[in-house]
Enquirer: 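Have a look at this one before I ask anything.
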Amino acid sequence: SEDRPAIRGVFRYGGPDRPDTTICPSPVNVTGAGRGPGGREYARLKWRQDGVLRERVFPWALVAACDIGLAAWGVPVNQSNRPSLARFLHAQREQADGLPTFKVHTRSGWAPDLSAFVLGEQVIAGDGEVSVTLGGRLRTGLQARGDRATYLQLVRDTIDGAPLAEAFWAGGLPPPLLTLIRQRNWIFSVYAETGSGKTAIQKLGLSAWGDPDLLLMTGDATVAGRE
């Protein structure tokens, strides 16, 4: 009726004489159904967070239970609304005949059948969608940014007359192709004094794949730890 206040999120209809009950303040919907390795089921959720529409693929088991861990991704689930929101999402999933379906990739790199290549959370060759659990640094780091022409010119300027830098940059490009020829990745080791540019050329080798400041990892160990 005209007297019934509008609720923008998920709510339980109270009937003609009772007010509606809010389940969560923003919309949450199942917008797709996927299947991953071993036949595991997945669901694509779409929700609004801080005025922005978000979309992500999760294992259906997490969605079906409205696992509180979904809140870490911004899904508006909490201990109070979990049961009601789970029933709502279950009802949507039961209408899977009308939902888009897709293949789900669960790891970076080549798919087992070499039908697709996944970089971070992006399928850059082949079909399907990604449900990969990456740490915040990798998730942010493995993304394309900036201008390609500017990047290539910077690389040219950096490696000009610097054979070690050129070797590191070139060495960072072919690892995805090694899988196709059934070869393992190599280890490129360089030793030099502090302040000589070791970290800089390592970042250069990573730069083709994303933000090197986020992708660079440090491995520290002690003699006792190695033993």
Side-chain angles (χ1 to χ4, degrees), residues 36-37 44 49-50 52-58 69-70 72-74 103-223 225-226:
R44 188 199 305 117
Q49 180 185 15
D50 299 327
V52 178
L53 285 175
R54 310 286 185 186
E55 201 165 30
R56 187 173 180 85
V57 175
F58 297 101
L70 295 174
W73 298 97
K103 181 179 180 179
V104 177
H105 304 282
T106 58
R107 67 178 189 180
S108 292
W110 288 103
D113 60 0
L114 302 181
S115 63
F117 187 82
V118 176
L119 180 63
E121 297 184 332
Q122 308 165 71
V123 182
I124 61 174
D127 299 322
E129 300 192 28
V130 179
S131 181
V132 177
T133 302
L134 295 172
R137 289 175 61 88
L138 285 178
R139 188 168 62 251
T140 305
L142 287 169
Q143 294 184 23
R145 292 187 179 89
D147 178 72
R148 181 175 180 271
T150 301
Y151 166 71
L152 291 177
Q153 185 58 54
L154 178 62
V155 169
R156 293 188 193 100
D157 294 342
T158 302
I159 66 178
D160 184 29
L164 185 59
E166 183 175 6
F168 256 81
W169 182 73
L173 298 175
L177 303 179
L178 298 181
T179 299
L180 302 181
I181 58 175
R182 304 190 179 199
Q183 297 296 317
R184 299 181 64 182
N185 285 348
W186 57 73
I187 297 176
F188 206 148
S189 179
V190 60
Y191 172 82
E193 296 295 330
T194 299
S196 60
K198 299 188 302 297
T199 300
I201 61 172
Q202 289 179 71
K203 290 182 177 181
L204 181 66
L206 290 168
S207 63
W209 302 104
D211 186 337
D213 287 326
L214 297 177
L215 298 180
L216 185 67
M217 297 181 183
T218 301
D220 294 322
T222 63
V223 174
R226 288 195 296 268

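As the structure is a prediction and not an experimental result, all values here were calculated from the model. Each residue takes its place number in the sequence, starting with 1.
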Enquirer: Within this structure, what is the OG1-CG distance for the pair Thr199 and Leu204, rounded to the nearest 0.5 Å?
Expert: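 Separation between the atoms: 12.5 Å.
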Enquirer: Any donor and acceptor pair, going by atom type alone, linking the side chain of Asp211 with main-chain N or O of Asp213 inside 3.5 Å?
Expert: yes
Enquirer: Using 0.5 Å steps for rounding, measure from the CG atom of Leu206 to the CG atom of Leu214.
Expert: 10.5 Å
Enquirer: For Thr106 and Pro37, work out which heavy atoms get closest and say how close.
Expert: OG1-CG, 3.6 Å
Enquirer: Specify the closest pair of heavy atoms between Gly171 and Pro175, including all atoms of both residues, with the distance to one decimal.
Expert: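 Heavy atoms of Gly171 and Pro175 come nearest at O-CD, 3.7 Å.
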Enquirer: Looking at CG of Leu177 and CH2 of Trp110, how far apart are the two atoms once the value is rounded to the nearest 0.5 Å?
Expert: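 Atom-to-atom, Leu177:CG and Trp110:CH2 are 7.5 Å apart.
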Enquirer: Between Trp209 and Gly172, which heavy-atom pair has the shortest distance, and what is it?
Expert: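 So the two residues come closest at NE1-O, 2.7 Å.
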Enquirer: For Gln122 and Ala144, work out which heavy atoms get closest and say how close.
Expert: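 Where Gln122 meets Ala144 most closely, the heavy atoms are NE2-N, 4.4 Å.
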Enquirer: Search all heavy atoms of Ala116 against all heavy atoms of Gly126 and return the closest pair with its distance.
Expert: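 In this case the closest contact between Ala116 and Gly126 is CB-CA, 3.9 Å.
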Enquirer: Return the minimal non-hydrogen interatomic distance between Gly128 and Val123, and the atom names on each side.
Expert: O-CG2, 3.6 Å
Enquirer: Please tell me if the side chains of Gln202 and Leu216 come closer than 4.5 Å, counting only heavy atoms from C-beta onward.
Expert: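 Of all side-chain heavy-atom pairs linking Leu216 with Gln202, at least one is under 4.5 Å.
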Enquirer: Quick one: are Ser196 and Lys198 in side-chain contact, heavy atoms under 4.5 Å?
Expert: yes
Enquirer: Find the distance between CD1 (Ile124) and CG (Leu119) and round it off to the nearest 0.5 Å.
Expert: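 The distance works out to 5.0 Å.
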Enquirer: Between the side chain of His105 and the main-chain N/O of Glu121, is any donor-acceptor distance below 3.5 Å?
Expert: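 No; judged by distance alone, with no hydrogens or angles, the pair does not exist.
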Enquirer: Quick one, Thr140 and Arg145 - any side-chain contact, counting heavy atoms below 4.5 Å?
Expert: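 Sidechains of Arg145 and Thr140: in contact.
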Enquirer: Side chains of Val118 and Arg107: does their closest heavy-atom pair fall under 4.5 Å?
Expert: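 Val118 does not reach Arg107 side chain to side chain.
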Enquirer: Is there a side-chain contact between Val190 and Phe168, using heavy atoms and a 4.5 Å cut-off?
Expert: yes
Enquirer: Report the distance from atom CG of Asp157 to atom CG of Leu152, rounding to the nearest 0.5 Å.
Expert: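 So the gap between those two atoms works out to 11.0 Å.
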Enquirer: How far does CD1 of Ile201 sit from OG of Ser207, to the nearest 0.5 angstrom?
Expert: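 Going from the CD1 atom of Ile201 to the OG atom of Ser207 covers 12.0 Å.
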